[in-house]
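Taking it in order: structure first as structure tokens, then the write-up.
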Amino acid sequence: MKQPIIYRIVIALIVLFGTIQVQAQSFEEILEATLQKTKSLDSYEVTTEYKMYRGLDDPKVYEGYKGKLIQNGTRLYQQLGAMEYVQSDSFYVKLNHDDKEILIGNLEEAQTPQLSNFDLASILGHFEKDKLSSEGNYHKIELIGKDRNPLQIAKLDLYIDKESMLLMKQSMIFSRLNDFSVYENKPSPQDLDVARLEITYSNYSDTIDDEKLTQERYFAQHGETVVLSKEFSDFELIPSK
């Protein structure tokens, strides 16, 4: 199943911080409130947009996708352009609408962490505090990745709306080089640079589309046989192993 660079990054990370609602103003208090809020999340739905750039300040968008993120308890739905990822208590599903492919597996086979067990404190342990500032309607938290951190993020910026105190954007600069020659229309030598990924969040809601989290939307299990639902009956079922 072919996946764009952004999709591989986002599915590896899921969403680092989900919904953030804070009341404090100091660096330490904001991060502590973020930790507590993340742990207390139950259900929410938010519209997302992903844009990938090259380097630190190149304005050209190399990949861009609209998306949706839904969480209900331990169940998670992630939509990014033509890609969908669903993780429930006992199964996961990956969909590619462009290629009409669907992959179904047991939860223990999933390579992404369960959100209920996702330890934000351990993520923040890979960063050093850099700066807390105010920019227009936002509080901006800047974090620097520690050397050889497994997330391969060199810098992480969080933008929190001053009025709603919700996370509205996060910007990540990755330490690993990507080959940007893949975006050229003609063969070319490798063109290596770091990727910069910006994720924006809007339309937060505690009313969710729960159907996207149910097994019935995707497939039925009859013994060892998997039967795809009518919506995805023309998709190719890809073995999970």
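What you are looking at is a predicted structure, and each value in this text was computed from that prediction instead of being measured.
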The reported gap from CD1 in Ile153 to CD in Gln170 (rounded to nearest 0.5 angstrom) is 8.0 Å
Where Leu213 and Val86 come nearest, the two heavy atoms and their spacing: CA-CG1, 4.2 Å
Would a single hydrophobic cluster contain both Leu237 and Phe235, if residues Ile, Leu, Val, Met, Phe, Trp and Tyr are joined by side-chain heavy-atom contacts under 4.5 Å? yes
Rounded distance [0.5 Å steps], CZ in Arg75 versus OG in Ser90: 10.5 Å
Heavy-atom pair of closest approach, residues Tyr183 and Glu63: OH-OE2, 2.6 Å
Expected output: side-chain Ser175 to main-chain Gln152 donor-acceptor under 3.5 Å: yes
Does Asp210 have more than 12 heavy atoms from other residues, nucleotides or ligands lying within 6.0 Å of its CG? yes
CD-CG distance between Gln190 and Asp179, expressed to the nearest 0.5 angstrom: 4.5 Å
Is there a side-chain contact between Leu103 and Tyr92, using heavy atoms and a 4.5 Å cut-off? yes
State, with a plain yes or no, whether a side-chain heavy atom of Asp209 is found less than 4.5 Å away from one of Tyr77. no
Is the shortest side-chain N to carboxylate O distance from Lys212 to Glu45 below 4.0 Å? no
Side chain of Asn178, backbone of Phe180: donor and acceptor closer than 3.5 Å? no
In the single-linkage hydrophobic clustering (I, L, V, M, F, W, Y; side-chain heavy atoms under 4.5 Å), do Leu132 and Leu156 co-cluster? yes
Is a donor on one side and an acceptor on the other found under 3.5 Å between the side chain of Arg196 and the backbone of Gly55? yes
If Ile, Leu, Val, Met, Phe, Trp and Tyr residues are connected whenever their side-chain heavy atoms lie under 4.5 Å apart, and connections chain through other members, are Leu197 and Val61 in the same group? no
With the side chain counted from C-beta on, respond yes when Lys51 and Thr200 share a heavy-atom pair under 4.5 Å apart, and no when they do not. no
What are the two closest non-hydrogen atoms of Lys66 and Gln79, and how far apart are they? O-NE2, 3.7 Å
Nearest heavy atoms of Thr214 and Phe91, plus distance in Å: C-CZ, 4.2 Å
Can you confirm whether the side chains of Lys68 and Thr47 place a donor and an acceptor under 3.5 Å from each other? yes
Could you tell me if the side chain of Glu84 sits less than 4.5 Å from the side chain of His97, heavy atoms only? yes
Do Tyr85 and Ile238 belong together in a cluster built from hydrophobic side chains that touch within less than 4.5 Å? yes
What closest approach, in Å, do Arg54 and Leu192 show between heavy atoms, and which atom pair accounts for it? NH2-O, 3.9 Å
For a quick test of reading the model, state the closest non-hydrogen atom pair linking Arg217 to Ser229 and the distance between them. O-OG, 2.6 Å
Euclidean distance, Ser133 OG relative to Tyr138 OH, rounded to 0.5 Å: 13.5 Å
Distance col, row Leu143:CG vs Leu158:CG, nearest 0.5 angstrom, shows 6.0 Å
Do Glu236 and Lys100 make a side-chain contact, defined as non-hydrogen atoms from C-beta onward lying under 4.5 Å apart? no
To the nearest 0.5 angstrom, please state how far the OH atom of Tyr218 sits from the CG atom of Leu228. 12.5 Å
Val194, Tyr62: one ILVMFWY side-chain cluster at the under-4.5 Å cut-off? no
Is the shortest side-chain heavy-atom distance between Tyr44 and Leu69 below 4.5 Å? yes
